[in-house]
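Order of listing sets the numbers, starting from 1, for every ligand and every atom in it.
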Amino acid sequence: MEQLIIKGGNPLRGEVNISGAKNAALAILPAVILSEGISTIENLPYIEDIKHLVEILENLGAKCNFKDKHTLVIDSTNIEKYRAVYGSVKKIRASYYLLGALLGRFKNAEVAMPGGCNFGQRPVDQHIKGFKALGAVADLKNGMNKLKADKLIGTNIYLDVISVGATINIMLAATKAQGVTIIENAAKEPHVVDTANFLNMMGANIKGAGTDVIRIIGVEKLHGVRYTIIPDQIEAGTYMIAAAITKGSVTVKNIIPKHMDPLTAKLIEMNCIVEEGDDYIKVTAPEKLYATNIKTMVYPGFPTDLQPQITTIVACSHGTGIITENVWENRFQYVNELKRLGFNITVEGRVAVTKGPVNLMGAEVFAHDLRAGAALVLAGLASVGTTTISNAKQIYRGYENIEGKLRVLGADIEKV
Ligand code: EPU
């Protein structure tokens, strides 16, 4: 089992380059299925989830060729299969995007129930509602989601909950439906916009991505393109917090500062100095950090995927902080692990209350999921002594070369 071993206490200093956005890449690669031709995808993050997805695409018949770690050439011309089985699909949540993409291309899709991080119920009812509205018959049997349609016809779809996955999945299928599809109450996350931009470059006709109404006029054919994925908002945020929690000063480069607004505002509230350029943000820690309150929300609210990381820094700060998780029903599992290092956090349902400052001492901990693992890395960096994080493979699902990037900033961290 992979472990990360951190000897804490070093302030991080210097510059770090942010990789491409995991959650955009996980939608854009399946979107290639809708096209016939050769696409080149640049700025792909070199992380486990992407490697699994590429394996799935190859099994479906796509020809995938990494030109370098971050550039993938995919020929989707000869994809013939529309069935993706449990083996590789179970490893990633985003395998649900295969449903929308395969349905769009073949009017048929058979995809095993997805895997991914476990933080409570993760229903796909809104995805299925959308596919049915477009004319598909849906069936869940023996762990396989099956979709079939004679033809897909554009229609109005109102999402009962704002869902990133359902918004993108419906957009994928509707791209090749006949007529106009309107998605109301759509998610506005940067990766929704990036996926729409990618589809449009391939020849789709999508307007309104980034607002809560998306209008898609179906097209018959999509072609291959060259496309560069946006930078990862969550990886960037994790390094911004790392700078502050270690009492350091770090320039986080190759990012879209606008995407960081909810975190930037909170770090400033906590007393950090934050300087913004066109494509970078520099975070410098103050003498004293003050606790604050956080409520996670859909974009442009505070992202749930930075909740474990912000909870960790709020909990080391002076005063009481209240963190409310509004997106996932059970995303505080990592708190028990943080407590092993000396954190004072109590959780009641979707609310965590932190009291600081605390004296943190390294300990052995377990990464239950990806962002929980990132929080433990931050906690280890801020603690005295050694922290050993087991099940570190969770962290590598979403953070490219985390130990290498942190070492350049002065951290004492090792992967074993
Ligand atoms: N929901 C439903 N029905 C659905 C879909 C969602 O009730 O059909 C509910 C969920 O239970 C949840 C809320 O809607 O309470 C939001 O879920 P959403 O569909 O937006 O989440 P997702 O698409 O499954 C993506 C990211 C997650 C991130 C969420 C929220 C990917 C591959 N995953 O998940 O990222 O937490 O959006 O922003 O894009 C991560 O990267 O660590 C991660 C978990």
Mark up the atoms of ligand 1 that fall under 4.0 Å of a heavy atom belonging to [X], in ascending order.
X    : result
Q126 : 3 (N), 4 (C), 8 (O)
Y96  : 22 (P), 23 (O), 24 (O), 34 (O)
R122 : 24 (O), 34 (O)
K22  : 40 (C), 41 (O)
G165 : 19 (O), 23 (O)
R331 : 36 (O), 42 (O), 44 (C)
T304 : 30 (C), 36 (O), 38 (O)

Hey, is ligand 1 close enough to [X] that some N/O pair sits below 3.5 Å?
X    : answer
A166 : no
H191 : no
V164 : yes
V327 : yes
N23  : yes
E189 : no

Hey, is [X] one of the residues with a heavy atom under 4.0 angstrom from ligand 1?
X    : value
A187 : no
K129 : no
Q233 : no
Y299 : no

If you count heavy atoms of other groups shown closer than 6.0 angstrom to [atom1] of [X], is the number above 12?
X    : atom1 : result
D160 : CG    : yes
K7   : NZ    : no
K247 : NZ    : yes
K129 : NZ    : yes
N142 : CG    : no

*Think K51 forms a cation-pi with Y46, using NZ or CZ under 6.0 Å from the six-ring centre and within 45 degrees of its axis?*
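Checked: cation-pi criterion met.
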
*Taking N391 for its side chain and A367 for its backbone only, find out whether a donor-acceptor pair lies under 3.5 Å.*
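It does hold such a pair.
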
*Compare D305, V192, D232 and give the one whose heavy atom is closest to atom 40 (C) of ligand 1.*
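Heavy atom nearest to atom 40 (C) of ligand 1 belongs to D305.
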
Salt-bridge test for [X] and [Y]: reply yes if a basic N is under 4.0 Å from a carboxylate O, no otherwise.
X    : Y    : answer
D232 : K22  : no
D305 : R331 : yes
K393 : E48  : no
R226 : E42  : yes

*State whether a side-chain donor-acceptor pair under 3.5 Å links K405 with S19.*
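The answer is yes; a qualifying pair exists.
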
*Have a look at ligand 1 and work out which part of L370, if any, has a heavy atom under 4.0 Å from it: side chain, backbone, both or neither.*
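The side chain, only.
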
